[in-house]
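Okay, structure first, notes after.
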Amino acid sequence: MYYSQFINSEGSPNQTEDTSQSQPLRPDTSEIVPLTSHHGSSDCKFQSSPPFRDVIFAVIFYAHIFALLILGGATPSSPSLIDDNIVPQAGNTSDFRRFFLLVLLTAVIGGGCAFGWLSIVRRFARQLIVASLCASVCVWGLLAVFMLARGQVVVGVCLLIPAGWHLLLYVWWRPRIPFAVAMLETVAQLVERFPATAYVAYGSLLVQLGWVAAWIWLLCRVQFYESTAQAALVVLLLLSFYWTSQVIKNTVHVTASGVFASWYFLDAQPDANGHGALLLPRNPTLRSLKRATTTSFGSVCVGSLLVALLHTLRLCARALRNRASHHNAAMRFVACVAECLLGVLQRLMQYFNVYAFSQVAIYGKSYLQAARDTYRLLSSHGIEALINDSLLSSALMVGTLLGGVCGALAACLLAQLLLLPAYCLLPSAFVGFVICFAMVSQTTELIESGVATIFVCFAMEPEVLKRNSPHLFQLFASTFAQH
């Protein structure tokens with residue numbers, strides 16, 4: 001296992017590489033066939049020191065960052081991008097400091113909202129899932145009734161279609177709700193148990209913010225090139241922006257997946273004879289972050305680059321559609337179709353990468369090998385994964401929006417308490433909404449990472465879950481047995 005290095009260094013004294021001693025940890029699960037039984041990808045689990053994967057792409061990523069630094073320094077001379085009139089003067093320095101204090105306090109409130117949402121999810125997971133499904137039916141139904149009452153029969157009938165579709169989904173997915181509830185409760189507990197995963201996610205927000213600021217500065221600088229070079233540089237900067245943003249996001253996902261996989265494989269309780277106990281390593285989040293930024297970083301760069309390319313091509317198609325002449329209907333149609341297809345491919349690739357990067361984190365695979373195994377996984381159990389993700393995403397989105405609203409209200413209250421001028425009230429509300437929305441969103445993404453990781457772990461090695469969490473194993477087994 002990719003975590004055998006933990007067992008050898010941090011595990012119990014009874015754990016050795018002798019398979020005869022590890023047999024008690026592998027109860028019989030012949031009713032479920034693990035995917036690894038027909039594939040050799042599980043052999044890499046027993047490497048004591050995982051090798052670096054996809055190194056060339058990590059080198060390319062760092063080289064492109066270095067090229068951006070050169071671009072920023074070599075840009076033709078330009079006038080100052082900072083207007084002296086917007087530099088804080090002595091008279092408004094106090095307001096600036098108080099606004100900065102408001103931002104810090106709002107960030108603290110955002111952290112409280114995030115962990116408070118985790119507690120709510122853990123305690124009321126079933127109610128949240130059912131309420132989100134019913135809310136979808138009610139919203140579409142009420143809109144349809146409203147339009148019919150106003151005499152808009154065609155629009156009302158069209159709105160009844162999604163209302164009926166969501167009602168059918170509720171009836172179809174209702175037997176799977178207990179499984180989704182168990183998954184949501186389990187992962188929420190794990191995030192609370194390993195809060196360092198949330199700290200890494202929040203830290204990535206600062207990295208993203210710094211990257212956005214640096215990218216905007218570079219974008220302003222390239223405006224002083226001639227038109228042909230400027231257009232090429234803007235496209236390359238767009239690719240760089242999406243690539244780096246995806247790398248930051250996916251690094252957090254791989255880090256969290258590594259922690260949840262540590263729990264799945266190593267958090268076993270001893271049996272009646274005192275055998276079979278595995279110990280989690282100390283600082284599992286730090287160890288997982290180290291792997292995500294070293295041995296697995298090249299794989300992260302590969303998958304992120306694919307999504308960035310699709311996103312950049314989609315924006316290029318949109319720009320072509322907007323610039324096409326109204327008399328050139330064929331060009332606009334082709335650009336519109338290309339934009340639509342690229343958007344679909346981008347979303348599919350992002351969804352695919354969630355499970356592929358979980359494989360990278362769990363087994364230390366290269367991206368190509370993880371992609372192959374993920375294709376096999378989704379080919380055999382894709383419906384279960386899609387339904388489970390759909391049930392959870394609607395419930396988690398509610399918390400993200402509520403967190404943003406709470407942040408906006410808290411920021412307005414803080415603006416009043418800090419005696420900020422009236423013109424700062426609206427910016428304070430906006431900043432509070434963005435900060436709390438982002439922090440709660442990062443927490444929900446951790447939950448989604450945990451769900452995907454446990455799903456992959458079970459599909460690859462189901463007998464381990466039977467040892468660690470029999471109740472969750474039964475739910476998994478019953479769900480998979482239906483297909």
Side-chain angles (χ1 to χ4, degrees), residues 110 113-188 343-344 347-348 350-351 354 382-410 412 429-430 432-434 436-448 450-452 455 475 478-479 482:
C113 290
F115 281 95
W117 176 241
L118 275 178
S119 180
I120 293 174
V121 167
R122 184 168 56 84
R123 290 176 173 83
F124 305 102
R126 180 179 180 82
Q127 291 83 345
L128 288 172
I129 293 176
V130 173
S132 63
L133 290 174
C134 294
S136 299
V137 177
C138 292
V139 168
W140 288 108
L142 290 176
L143 287 175
V145 171
F146 176 76
M147 298 307 296
L148 290 173
R150 292 179 58 88
Q152 302 290 336
V153 179
V154 176
V155 178
V157 172
C158 292
L159 291 175
L160 284 175
I161 295 176
W165 172 248
H166 282 86
L167 182 60
L168 289 176
L169 289 180
Y170 175 74
V171 175
W172 181 28
W173 292 351
R174 189 172 181 179
R176 301 173 183 268
I177 290 179
F179 168 72
V181 168
M183 285 289 291
L184 196 56
E185 291 175 345
T186 300
V187 176
V344 173
R347 291 183 178 273
L348 289 176
Q350 287 176 327
Y351 184 79
V354 171
I383 295 298
E384 291 87 348
L386 183 60
I387 292 176
N388 189 61
D389 292 340
S390 300
L391 286 171
L392 298 181
S393 60
S394 58
L396 295 176
M397 179 54 67
V398 174
T400 304
L401 293 174
L402 289 178
V405 172
C406 292
L409 295 176
C412 291
F430 176 76
F433 179 88
V434 171
C436 292
F437 181 91
M439 297 187 73
V440 178
S441 177
Q442 288 292 100
T443 306
T444 59
E445 288 185 5
L446 286 178
I447 296 177
E448 292 171 353
V451 170
F455 192 93
L475 289 173
S478 61
T479 300
Q482 295 175 7

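Note that these values count all heavy atoms, side chains included, but never hydrogens, waters or copies made by symmetry. Numbering of residues begins at 1 and proceeds along the displayed sequence.
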Mark yes or no for whether T400, through its side chain, and L396, through its backbone, hold a donor-acceptor pair below 3.5 Å.
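Yes, the answer is positive, given that a donor and an acceptor are paired below the 3.5 Å cut-off.
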Taking atom [atom1] of [X] and atom [atom2] of [Y], what is their separation to the nearest 0.5 Å?
X    : Y    : atom1 : atom2 : result
L160 : W165 : CG    : CH2   : 16.0 Å
E448 : S393 : CD    : OG    : 7.0 Å
E445 : Q442 : CD    : CD    : 5.0 Å
C158 : L143 : SG    : CG    : 13.0 Å
S132 : L392 : OG    : CG    : 9.0 Å

Do you know the tightest heavy-atom contact between [X] and [Y]?
X    : Y    : result
V121 : A188 : CG1-CB, 4.0 Å
G110 : C436 : CA-SG, 3.6 Å
W117 : A395 : CZ2-O, 3.6 Å
C406 : C113 : CB-SG, 4.2 Å
C134 : Y170 : SG-CE1, 4.5 Å
L401 : F433 : O-CE1, 4.4 Å

Is there any salt bridge (Lys or Arg N to Asp or Glu O under 4.0 Å) pair reaching into residues 114-124, and which pairs are they, with sequence neighbours excluded?
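Of all non-adjacent pairs touching residues 114-124, those that pass salt bridge (Lys or Arg N to Asp or Glu O under 4.0 Å) are R122-E192.
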Knowing that exactly one of V137, V139, I161 qualifies, which makes a side-chain contact (heavy atoms from CB on, under 4.5 Å) with H166?
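Between H166 and the candidates, side-chain contact (heavy atoms from CB on, under 4.5 Å) is satisfied uniquely by V137.
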Residue from I129, L128, V130 passing side-chain contact (heavy atoms from CB on, under 4.5 Å) with V181:
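The passing option is I129.
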So with a 6.0 Å cut-off around CZ of F115, is the heavy-atom count from everything else above 12?
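Yes, the 6.0 Å shell around CZ holds more than 12 heavy atoms from other groups.
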State, yes or no, whether a side-chain contact exists between [X] and [Y] at a heavy-atom distance under 4.5 Å.
X    : Y    : result
R126 : P178 : yes
L446 : L118 : no
T186 : V451 : no

Between L159 and M147, is a side chain to side chain contact (heavy atoms under 4.5 Å, CB included) present by the stated rule, with each step listed?
CA-CA 9 Å; L159 291 175; M147 298 307 296; 3.6 Å; yes
